[in-house]
Amino acid sequence: MTGPSLTVVKVGGSLLTDRDRLRAVLAAAVEAGPVAVVPGGGPFADAVRRAQASLGFEDGLAHRLALDAMGRMAEIFRALEPRLPVSASLDALAGALRAGRSGIWDPAALKAGHPDIPESWAVTSDSLALWLATRLGAARCILEKSAPAPAGADPAALAACGLVDAAFPRFAAAFPGTILVRGPEAGSGRDAA
């Protein structure tokens with residue numbers, strides 16, 4: 001949809017605890033453009049998990065509320081880096097990326113459902129970043145994490161250790177580009193096969 005120079009960067013909501021790193025990642029997305037930023041749900045998604053555990057509502061509703069959580073994080077990221085517009089429309093985001101501009105993706109449109117995306121906690125922002133990267137024809141998908149990635153871990157190993165969601169290996173298999181997981185330490189990027 002946009003081409004091989006594109007990078008999708010998933011920014012974990014847990015990076016809220018590292019303000020300097022979060023600001024640096026968002027600024028780098030603007031300067032390195034075109035970059036599509038996918039926000040994690042952070043504390044908003046954690047609140048959905050707690051509410052579901054307490055009240056017992058179904059996974060489909062929890063999934064839709066977690067998409068809302070990602071949208072709220074998109075707004076926070078925009079407040080921290082005003083040069084990054086938020087797009088709830090995949091077409092609008094793709095148009096900005098084709099023009100060489102970076103932007104933040106709000107996945108609100110997925111609340112209507114999508115046949116490729118199960119509505120459960122098996123799919124989080126990590127897998128959604130890979131789904132978006134595949135749809136956009138991105139060359140790379142980078143996951144910015146607050147925890148370090150095990151050296152040489154493939155997508156299945158990353159899922160097994162809980163660093164990414166359970167559906168991540170399936171979405172990784174469909175993505176032809178490079179997957180990179182970056183932890184908190186400088187130069188911690190790891191390629192995942």
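Reckoned from all heavy atoms, side chains included, excluding hydrogens, waters and symmetry mates.
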Flag the pair [X] / [Y] as yes when at least one side-chain heavy-atom distance between them is below 4.5 Å, and no otherwise.
{"X": "Val181", "Y": "Pro148", "value": "no"}
{"X": "Phe77", "Y": "Leu84", "value": "no"}
{"X": "Leu15", "Y": "Ser146", "value": "yes"}
{"X": "Leu128", "Y": "Leu110", "value": "yes"}
{"X": "Trp105", "Y": "Val8", "value": "no"}
{"X": "Pro107", "Y": "Leu132", "value": "no"}

Starting at [atom1] of [X], measure out to [atom2] of [Y] and round the result to the nearest 0.5 Å.
{"X": "Ile117", "Y": "Trp131", "atom1": "CD1", "atom2": "CH2", "answer": "4.5 Å"}
{"X": "Ile142", "Y": "Thr7", "atom1": "CD1", "atom2": "OG1", "answer": "5.5 Å"}
{"X": "Ser5", "Y": "Arg98", "atom1": "OG", "atom2": "CZ", "answer": "12.0 Å"}
{"X": "Arg72", "Y": "Leu67", "atom1": "CZ", "atom2": "CG", "answer": "10.5 Å"}

For [X], check side-chain hydrogen bond (donor to acceptor under 3.5 Å, both in side chains) against everything at least two apart and list the hits.
{"X": "Thr134", "result": "none"}
{"X": "Arg83", "result": "Glu81"}
{"X": "Ser87", "result": "none"}
{"X": "Asp59", "result": "Gln52"}

Using the test side-chain contact (heavy atoms from CB on, under 4.5 Å), find all partners of [X] that sit at least two apart in sequence or belong to another chain.
{"X": "Ser127", "result": "Val123, Asp165, Ala167, Phe168, Phe171"}
{"X": "Pro43", "result": "Leu16, Met73"}
{"X": "Thr17", "result": "none"}
{"X": "Glu119", "result": "His63, Arg64"}

Mind listing the closest non-hydrogen atom pair of [X] and [Y] along with its distance?
{"X": "Leu93", "Y": "Ala36", "answer": "CD2-CB, 4.3 Å"}
{"X": "Ser102", "Y": "Val35", "answer": "OG-N, 2.9 Å"}
{"X": "Ala153", "Y": "Leu158", "answer": "CB-CD2, 3.7 Å"}
{"X": "Val38", "Y": "Ser125", "answer": "CG1-O, 4.1 Å"}
{"X": "Arg21", "Y": "Arg182", "answer": "NH2-O, 3.2 Å"}
{"X": "Ala172", "Y": "Pro155", "answer": "CB-CG, 3.6 Å"}

Can you run down the side-chain hydrogen bond (donor to acceptor under 3.5 Å, both in side chains) pairs that involve residues 29-47, sequence neighbours left out, and say none if there aren't any? Asp46-Arg49

Using the rule that Ile, Leu, Val, Met, Phe, Trp and Tyr join whenever any side-chain heavy atoms are under 4.5 Å apart, tell me whether Leu22 and Val9 fall into a single cluster. yes

Shared ILVMFWY cluster between Leu143 and Trp121, side chains joined below 4.5 angstrom? no

Pairs in or reaching into residues 99-111: which pass salt bridge (Lys or Arg N to Asp or Glu O under 4.0 Å), with residues at least two apart or in two chains? Asp68-Lys111

So salt bridge (Lys or Arg N to Asp or Glu O under 4.0 Å) across residues 5-17, not counting sequence neighbours, yields Lys10-Asp126

